[in-house]
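What follows is one structure encoded as structure tokens, with my remarks underneath.
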Amino acid sequence: MLAVVAWSPPPVQTVREALFDTYQRLAPRERRSAPATIVEIDEATLAEHGQWPWPRTLLAELVSRIAEHEPAAIGFDMLFPEPDRFSPAEVSRLVPLPPELAERLERLPSNDAWFAQAIRGRKVVLAVAGLEEREPRGSPPLREYGRLLASVPEIDQAAAGRGLISVDMPERLVRRVPLVAQVVDAPMPALALELWRVGTGARHFALSDAGAGLLRVEFADAAVPVQRDGTMWLRYSRHDPTRFVSAADLLAGEADPELLRAKLVLVGVTGVGLLDYKATPLGEQVPGVELHAQLIEQIFDGDYLVRPSWALWLELALLAAGTAILIALVPSARVHFSVAAIAALLLAFFGAGMGAFVEGVLIDAAWPALGLSAAFAVLLAATLSEADRQRRELREAAARSAGELEAARRIQMGLLPDTTLFDAERRFALRALVHPAHSVGGDFYDCFKLDEKHLFFLVADVSGKGMPAALFMALCKATIKAAVVSAGAEPATALRRAAQEIARDNPETFFVTVFAATLELDTGELTSSNAGHEPPYLRGAAGVLRLPAAPRPPVGVPGTFSFTSESLRLVPGDALCALTDGVTEAMNQRGELYGHERLERLLASLPPGAAPREINAAVIEDVKRFVGEAAASDDLTLLALRWN
């Protein structure tokens with residue numbers, strides 16, 4: 001994009017000039033002075049004095065009437081390249097007349113002579129047109145014309161000056177006019193410039209280098225900056241009817257003399273159908289002669305537009321700096337922030353361009369803005385593509401993780417004993433279950449026979465959730481089981497040994513609460529030890545009782561602690577319900593906890609002799625009904641044991 005802007009092919013120039021037109025529409029020039037007046041040959045004049053072109057005797061009369069009001073100078077925005085066909089000699093050749101009359105007509109002065117006589121000595125400037133434009137060959141590189149279209153010599157020699165009226169008209173829209181051009185081998189001023197020179201009495205104008213790729217045209221007390229090729233940007237004001245005086249009013253002696261006195265008077269045709277209307281960037285169609293008047297006003301007010309050579313470098317710098325900001329910002333910032341950033345940059349570009357225009361400098365904000373928009377689109381697409389790639393990778397990682405978690409869940413559940421293996425036992429019935437809050441969790445249970453007369457079981461809850469808790473759970477289960485096997489039927493001793501082992505290799509300082517117990521199967525003697533765990537519930541003939549718990553720390557906390565054992569004799573039919581706090585602390589959508597009272601009411605409502613499977617199912621169903629749509633906040637574990 002930098003290369004395109006620097007090269008500036010025709011499409012780039014078209015967009016650039018369209019932006020400059022927008023500047024003109026937003027801030028048209030204010031008409032502060034009126035140094036020029038236009039005498040227009042309008043529809044009313046043509047209706048009064050006949051169709052165009054007029055006999056030059058009538059133009060001579062028009063010049064005399066203008067001169068009566070003492071203008072500074074008179075300029076004709078029209079060419080007289082052929083002899084007047086209304087001259088007497090021309091009429092005698094065109095119309096069959098008696099020989100004597102034809103001979104008398106040929107001896108009369110021509111209309112061109114009358115017109116030349118009228119303009120001689122009256123500071124009249126005639127228009128010339130450059131033909132066959134060619135590439136510049138010398139320095140400075142002014143626009144060059146190989147031939148010149150001027151008035152007939154008789155009229156041309158009587159004029160005080162000659163001014164160029166050739167203009168740039170892409171799509172009939174005039175933006176620049178040559179203020180000075182190279183015609184054949186000599187510099188030629190524009191009509192407005194020559195009219196100004198003649199009006200001020202200056203003998204010549206000077207052309208010099210103004211720097212920054214500009215030239216300076218100096219005459220009288222004026223110094224006009226122009227582009228390197230001698231062209232000048234027109235800064236338009238709105239069409240103003242007060243610039244015009246009808247030639248019909250002037251010929252009838254009805255014009256206001258103050259509109260002409262000491263003014264630079266331009267004579268031009270404005271009648272509809274004469275095809276001398278030009279389009280302006282303000283969206284108006286104005287007579288061509290008005291462009292010369294606006295150019296004179298610009299020079300008089302010093303209200304210029306220039307495009308210096310450094311403007312292009314500034315535009316390239318704006319594009320490069322803005323794109324660098326986007327390159328640094330877009331990939332790392334949120335989309336709405338990136339959009340706000342480019343919007344701010346675009347507003348800054350166009351604001352700077354508009355501000356420079358007000359100061360008379362043409363800065364193209366369009367192509368830097370288009371380049372910035374293109375860069376933003378590419379960066380945003382790349383960022384979104386990268387984000388999409390990362391999402392795909394995350395989905396793949398999530399899928400892998402989900403598979404790994406599912407495998408971990410299966411492994412964890414496989415570590416827990418299958419309580420259906422005890423279904424053949426007549427002395428007791430036992431069922432246990434674990435519902436992790438996530439795929440894996442830290443709750444676990446264990447149960448196994450120490451011998452034919454003793455059953456060991458425990459319910460435990462590891463601090464934390466998820467994979468770390470699951471890993472710590474596997475360690476604790478194996479360590480506690482090994483301690484139980486070595487310590488025998490005493491739960492307190494087993495917990496003390498397990499606590500020492502777990503605390504020794506526990507860099508993350510996890511801990512586990514444990515309720516462990518040994519049941520003598522023949523007598524119903526229950527020996528238990530509680531390491532900071534939720535006390536279990538005993539459901540017997542007397543109702544529901546929550547077992548007391550000694551204030552002992554969890555297994556795994558730093559330090560050396562002893563654990564105590566409690567004894568309890570069960571009667572046939574008594575059921576013990578051990579659980580983790582995931583049951584009593586289950587939370588519904590209103591933030592309410594399930595609680596101990598609700599659990600006790602549920603256990604009390606069950607029929608006498610309810611099987612452990614029925615107890616667990618009833619508790620799980622009631623907890624789910626209470627929680628509703630709320631997400632599980634903790635692992636949930638139940639172990640129900642009935643001694644028969």
Side-chain angles (χ1 to χ4, degrees), residues 1-27 135-136 141 168 170-171 173-176 211-214 225-229 231-235 281 283 305-391:
M1 191 62 73
L2 287 169
V4 169
V5 175
W7 178 34
S8 295
V12 173
Q13 296 177 22
T14 300
V15 174
R16 179 177 294 149
E17 290 174 348
L19 176 67
F20 295 163
D21 296 343
T22 302
Y23 291 159
Q24 298 244 32
R25 286 192 292 272
L26 293 175
E135 292 297 322
D168 294 327
E171 302 178 356
L173 188 65
V174 181
R175 298 184 178 94
R176 292 194 293 177
L214 303 175
V226 295
Q227 299 303 126
R228 196 70 181 172
D229 61 355
T231 58
M232 179 176 175
W233 289 87
L234 280 168
R235 187 166 189 174
L305 280 178
V306 294
R307 181 164 169 78
S309 57
W310 52 259
L312 181 60
W313 292 105
L314 176 61
E315 292 153 10
L316 294 172
L318 288 175
L319 174 55
T323 305
I325 292 172
L326 292 182
I327 289 172
L329 184 66
V330 172
S332 59
R334 295 183 181 274
V335 173
H336 66 272
F337 188 77
S338 299
V339 171
I342 188 174
L345 287 172
L346 294 178
L347 286 175
F349 281 12
F350 285 109
M354 192 66 207
F357 174 81
V358 172
E359 296 299 322
V361 179
L362 290 170
I363 300 296
D364 175 20
W367 277 101
L370 289 172
L372 202 64
S373 301
F376 178 74
V378 171
L379 285 166
L380 187 61
T383 302
L384 294 177
S385 175
E386 175 64 16
D388 183 65
R389 185 189 65 80
Q390 292 178 359
R391 280 195 296 270

Practice problem: List the steps, then state whether side chain to side chain contact (heavy atoms under 4.5 Å, CB included) holds for L370 with M1. | Solution: CA-CA 9 Å; L370 289 172; M1 191 62 73; 5.5 Å; no

Quiz item: Side chains of E17 and Q13: is there a donor and an acceptor less than 3.5 Å apart?
Solution: no

Heavy-atom closest pair, residues [X] and [Y]:
{"X": "T323", "Y": "A375", "value": "CG2-CB, 3.7 Å"}
{"X": "E315", "Y": "P368", "value": "O-CG, 3.7 Å"}
{"X": "L346", "Y": "L372", "value": "CD2-CD2, 4.1 Å"}
{"X": "A27", "Y": "M354", "value": "CB-CE, 3.4 Å"}
{"X": "A6", "Y": "L312", "value": "O-CD2, 3.9 Å"}
{"X": "A369", "Y": "F349", "value": "N-CD2, 4.0 Å"}

Any heavy-atom pair between the side chains of [Y] and [X] that's under 4.5 Å?
{"X": "V358", "Y": "Y23", "answer": "no"}
{"X": "R307", "Y": "W233", "answer": "yes"}
{"X": "P141", "Y": "D229", "answer": "no"}
{"X": "R16", "Y": "S8", "answer": "yes"}
{"X": "V335", "Y": "T383", "answer": "no"}
{"X": "F357", "Y": "I363", "answer": "no"}
{"X": "L380", "Y": "S338", "answer": "no"}
{"X": "L234", "Y": "V174", "answer": "yes"}

Exercise. Might you work through the side chain to side chain contact (heavy atoms under 4.5 Å, CB included) test for L362 and V306, ending with a clear yes or no?
Key: CA-CA 6 Å; L362 290 170; V306 294; over 6 Å; no

Quiz item: Could you walk me through whether W367 and V12 pass the side chain to side chain contact (heavy atoms under 4.5 Å, CB included) check?
Solution: CA-CA 7 Å; W367 277 101; V12 173; 3.3 Å; yes

Practice problem: Report the C-alpha separation of R175 and L173 in whole Å, then their side-chain angles, then the decisive distance to 0.1 Å, and conclude whether the side chain to side chain contact (heavy atoms under 4.5 Å, CB included) test is met. | Solution: CA-CA 6 Å; R175 298 184 178 94; L173 188 65; 3.0 Å; yes

Self-check item: Whether T231 side chain and Q227 backbone form a donor-acceptor pair below 3.5 Å
Solution: no

Quiz item: Any sub-3.5 Å donor-acceptor pair from R25's side-chain atoms to P281's backbone N or O?
Solution: yes

Quiz item: Would you say R334 has more than 12 foreign heavy atoms packed within less than 6.0 Å of its CZ?
Solution: no

Quiz item: When rounded to the nearest 0.5 angstrom, what is the spacing between CZ in F350 and OG1 in T22?
Solution: 9.0 Å

